[in-house]
Amino acid sequence: MDMQETAEDRAFRAEVAGFIADKLPADIRTRVRDGYDAGRDDTRRWHEILAARGWLVPSWPAEWGGAGWNVMQRHIFEEECALGYCPPVHGITIGMLGPVLIRYGTEAQKQRYLPAILNVREWWCQGYSEPGAGSDLASLKTEARRDGDAYIVNGSKIWTSTGEWATHMFCLVRTDKSAKPQEGISFLLIDMKTAGISIRPIHAINGHRLFNQVFLDNVVVPVENLVHKENDGWSVAKSLLEHERLNLSRVGESKKRLHRLKEIARVEREGGRTLIEQDWFRRKLAALETRLRALDATVLRFIARTQSGAALDPSVSMLKLRGSQLVQDILQATVDALGYYGLPFDLSTALSDSDPLGGLADDDLDVLPDYAAGASVSRFRSRAFTIAGGSSEVQRNVMAKQVLKL
Amino acid sequence: MNFDLSEEQRLLSDSLRRFVADRYDPDQRRRGVRDPRGFSQDVWSTFAELGWLGAPLPESVGGYGGGAIELMLTMEALGRGLVVEPFVANVVLGAGLLAHVGGKSAEDLCARMIAGETQLALAFAEPQARFDIEDVATRAVREGDAWVIDGRKSMVLNARAADVLIVVCRTSGADRDQNGLSLFIVEARTAGVSVRPYHNHDGASSGDVHFARVRVGADALLGRLDEAAPALAEAIDRAAIAECAAAVGAMEWLVENTIAYLKTRVQFGKPLASFQVLQHRLVDMFVTLEEMRSLTIAAALALQGGAETERGKAVSAARVHLGSAGRALAEDAIQMHGGIGMTDEFPVGHYYKRILAAGTLFGDHDHHLGRLGALMAAD
Ligand SMILES: Cc1cc2nc3c(=O)[nH]c(=O)nc-3n(C[C@H](O)[C@H](O)[C@H](O)COP(=O)(O)OP(=O)(O)OC[C@H]3O[C@@H](n4cnc5c(N)ncnc54)[C@H](O)[C@@H]3O)c2cc1C
């Protein structure tokens with residue numbers, strides 16, 4: 001047994017780290033390091049840089065721009081990007097829609113949509129959840145009625161992340177109301193500029209516009225935008241959730257955040273000494289490090305299994321279950337490390353949208369250390385990690401049934 | 001043993017809860033947060049008219065003679081309503097400390113605060129001090145008949161609106177000595193005082209205050225020179241329990257509303273409340289709420305008449321539980337609401353933030369865990 005990276009892996013790691021040091025713009029790096037969400041502009045700039053190097057869609061097949069990396073290299077790349085404070089790539093577009101089209105799309109669909117992703121021209125959003133269909137996704141009600149060469153779509157999608165900058169939405173719709181819930185669903189590609197689509201912004205507890213509600217009112221979608229077979233969208237939807245499951249551990253992110261916490265603890269003081277010098281604080285760090293090491297080694301075991309050709313079994317859910325909570329706890333510990341400066345917060349974004357009176361212009365967050373405001377923003381944002389993309393409860397249900405066969 | 005409220009206490013609690021339920025909706029709250037002074041004067045004037053500002057203060061300073069239990073009942077109601085008006089800054093930290101120290105000028109200030117005419121703030125925390133209230137680098141130095149103050153205070157609640165600041169200064173000794181602390185009354189408009197305001201994530205208005213050669217008269221000294229530490233510690237403990245009580249009010253709302261939500265939210269053809277794992281978590285939330293209530297009552301009683309060590313232990317125990325189980329309760333409430341719990345427009349997230357802020361103000365979980373351990377070891 002051996003947990004060491006090979007010489008090639010180490011060389012690859014150095015290559016990725018060198019590329020990031022060279023190419024990641026300093027302003028983006030600072031924003032990401034300080035905990036702010038990457039907006040459209042930062043994401044676009046980073047996508048362009050990655051695309052120029054041929055690294056935007058590494059896990060796609062080579063003919064569509066993939067890098068031909070093995071699982072370990074993909075893992076190293078993800079981890080180095082996180083540790084180097086790169087903005088995350090747009091997972092909905094690159095990790096979800098791309099692989100689905102590659103597997104299920106027609107040749108025409110691939111030709112139409114994949115190059116536009118590689119050229120950083122089009123962005124997707126995910127229209128799965130509805131007000132009445134969250135964990136129980138199969139109960140979705142947005143309906144698509146066939147009318148000649150088109151579907152007429154009516155309904156509403158909610159929690160649509162980056163809906164405000166998406167050019168397109170992939171959408172689950174009900175095409176057969178008489179079938180069993182999972183059997184009457186289809187997977188449609190919808191241009192966001194189509195008449196009948198309107199968007200309501202939804203602000204989150206971190207003050208940012210994290211998601212949207214999308215209303216579809218007699219939206220006309222050409223039949224050629226159907227992916228896979230009518231009424232068999234559920235298999236497409238499920239396959240999408242299976243991609244990149246190893247990344248759901250957020251292990252790179254946790255490493256980065258714990259590293260950042262250590263840096264902050266070398267500055268923050270108590271009783272005339274820094275936090276990192278205090279025994280009680282070291283124990284807190286050690287407890288988090290223990291969980292991180294457990295996660296990290298478990299991820300590597302899954303990678304090794306995949307490298308040797310085994311299919312990922314449902315127990316991979318444990319990575320998301322533990323990984324999401326670990327990031328949350330590291331971020332909360334980071335805010336705790338700030339003492340009173342964990343409290344000040346920029347309320348202006350959230351308030352200015354729901355109230356016409358204007359922002360809170362006289363707030364003076366400059367008094368805080370530069371790492372404080374963003375730490376608070378990411379801590380609030382991280383509460384979503386145990387909810388979105390299969391909640392912790394759903395992960396446990398999956399493992400209880402499919403792994404423990406209870 | 002008797003945990004019953006007196007008739008007056010019940011009336012106080014009922015009237016506050018009714019006010020919050022009937023007159024303090026999210027729009028009212030938002031108006032307070034947005035106000036350039038950080039709260040609504042209308043609401044504050046109502047508090048003054050109904051006698052709530054004097055309820056937990058002794059008669060010697062114009063209060064109504066209540067104590068920590070009245071304070072607890074008030075804060076529970078305010079926490080339940082997410083009230084942002086600066087009650088703790090004025091009544092607990094400001095007037096509470098003034099009442100403790102006594103004297104003519106202190107009594108006059110209290111009377112004006114109780115009437116709703118004067119806004120108070122206590123400047124005690126400092127950036128390097130974390131939660132140690134005796135770590136004070138701000139210095140007041142005697143120059144002839146005057147005192148000259150230099151330093152920087154952080155997290156001064158109500159800094160934006162305060163007419164009068166009570167400033168904790170070092171007048172002798174080294175930065176972290178227990179002795180050598182003194183209190184000064186400083187008009188906010190005095191030359192050299194500058195406020196750098198901000199909001200806390202729970203909507204409370206706060207700020208850092210810088211003192212650059214701020215010159216005040218000899219009469220600005222409040223209480224005895226160099227001996228402010230015990231009174232300060234008492235006031236901070238009282239405020240720490242006020243925040244626990246506010247958290248109890250907020251937890252009450254979360255428990256009731258998370259139960260109600262899970263009873264109506266249907267997934268997989270049945271209400272979420274029918275899933276046993278979620279039932280268990282609701283039970284845990286409920287039990288945590290009752291534990292927090294017990295710890296808060298015990299600490300309030302210890303504040304009312306206990307020995308100093310017992311007061312410290314009772315207060316710290318409540319704070320430790322708030323920072324661990326209380327925080328977990330709030331996180332669970334968001335989790336069980338799913339996506340809607342993450343939104344700014346739904347109240348759950350605001351209750352979560354209020355409980356987090358309550359858990360930090362006047363000493364967080366780690367601070368009080370250390371303090372409780374030290375007090376136990378000293379016994
Ligand atoms: C930040 C964020 C971004 C998102 N982005 C998108 C997006 O881009 N596109 C999209 O389609 N969706 C998106 N979602 C939606 C996300 O997929 C849903 O929030 C998730 O599926 C949960 O659904 P719900 O919010 O309706 O909660 P509910 O399903 O109502 O669940 C509420 C709570 O009950 C628990 N629960 C539910 N069923 C069970 C059960 N059987 N046993 C035990 N516990 C249970 C849940 O785990 C949760 O804690 C996003 C969500 C968030 C928070």
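The basis for the numbers below is simple: all heavy atoms, side chains too, and nothing from hydrogens, waters or symmetry mates. Labels below follow one simple rule: chain letters A, B, ... track the order of the sequence lines, proteins then strands, and each chain is numbered from 1.
Most heavy-atom pairs under 4.5 Å with chain A, from the set B:Val348, B:Leu369, B:Asp364, B:Ile340: that is B:Ile340. The candidate from A:Arg381, A:Lys284, A:Glu268 with the greatest count of non-hydrogen atom pairs under 4.5 Å with chain B is A:Lys284. Chain B forms the most heavy-atom pairs under 4.5 Å with one residue out of A:Ser129, A:Gly271, A:Pro181, and that residue is A:Gly271. Taking chain B as the reference chain and counting heavy-atom pairs below 4.5 Å, the highest number among A:Asp366, A:Leu275, A:Ile158, A:Leu368 is found for A:Leu275. Options B:Met155, B:Met342, B:Glu331 differ in how many heavy-atom pairs under 4.5 Å they form with chain A, and the most are formed by B:Met342.
The only option from A:Asp346, A:Ile205, A:Leu343, A:Val335 that meets the side-chain contact (heavy atoms from CB on, under 4.5 Å) definition with B:His201 turns out to be A:Leu343.
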- Query: Can B:Arg327 and A:Asp336 be said to form a salt bridge (Lys or Arg N to Asp or Glu O under 4.0 Å), step by step?
  - Reply: CA-CA 12 Å; B:Arg327 181 188 274 178; A:Asp336 289 343; 2.9 Å; yes
- Message: Could you go through B:Asp208 and A:Tyr341, starting from their C-alpha distance and side-chain angles, then the distance that decides it, and tell me whether this counts as side chain to side chain donor-acceptor pair (under 3.5 Å)?
- Response: CA-CA 10 Å; B:Asp208 277 20; A:Tyr341 282 151; 2.4 Å; yes
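Looking at A:Phe380, the atoms closer than 4.5 Å to chain B (heavy atoms on both sides) sit in the backbone and in the side chain alike. Contacts of A:Pro131 with chain B are made by backbone atoms alone, with heavy-atom separations under 4.5 Å and no side-chain atom involved. Neither the backbone nor the side chain of A:Ala138 comes within contact range of chain B, judged by heavy atoms closer than 4.5 Å. Contact annotation for A:Gln332: only side-chain heavy atoms (C-beta onward) come within less than 4.5 Å of a heavy atom of chain B. Residue A:Ala373: no heavy atom, backbone or side chain, is found under 4.5 Å from chain B. There is no contact between B:Leu272 and chain A, counting heavy-atom distances below 4.5 Å.
Using a 4.5 Å heavy-atom cutoff, the side chains of A:Phe345 and B:Asp202 are not in contact.
With rounding to the nearest 0.5 angstrom, the CG atom of B:Asp344 is 9.0 Å from the CG atom of A:Asn206. Atom OG1 of residue B:Thr343 and atom CG of residue A:Leu210 lie 10.5 Å apart, to the nearest 0.5 angstrom. Rounding to the nearest 0.5 Å places NE2 of B:His199 at 12.5 Å from CG of A:Asp364. How far CZ of B:Arg130 is from CG of A:Leu338: 8.0 Å, rounded to the nearest 0.5 Å. B:Arg176 contributes atom CZ, which lies 10.0 Å from atom CD of A:Glu270 (distance to the nearest 0.5 angstrom). Note: B:Tyr198 OH to A:Leu365 CG = 9.0 Å, rounded to the nearest 0.5 Å.
A ring-centre distance under 6.0 Å is found for B:Phe131 and A:Tyr340.
Between the side chains of B:Gln267 and A:Ser135, no donor N or O sits under 3.5 Å from an acceptor N or O.
Shown here is A:Arg174, whose CZ atom has more than 12 heavy atoms of other residues, nucleotides or ligands within 6.0 Å. Enclosure of atom CZ in A:Arg273 by more than 12 non-hydrogen atoms of other residues, nucleotides or ligands within 6.0 angstrom is indicated.
Inspection of non-hydrogen atoms places A:Ser391, A:Ser392, A:Glu393 of residues 389-406 of chain A under 4.5 Å from chain B. Listed by sequence position, B:Tyr352, B:Lys353, B:Leu356, B:Ala357, B:Thr360, B:Leu361 are the residues of residues 350-361 of chain B in contact with chain A, using a 4.5 angstrom heavy-atom cutoff.
Under a 4.0 Å N-O distance rule, the pair B:Arg160/A:Asp363 qualifies as a salt bridge. Looking at B:Glu345 and A:Arg200, a side-chain N of the basic residue comes within less than 4.0 Å of a carboxylate O on the acidic one, giving a salt bridge.
In this structure, the side chain of B:Gln335 engages the main chain of A:Thr386 through a donor-acceptor pair within 3.5 Å.
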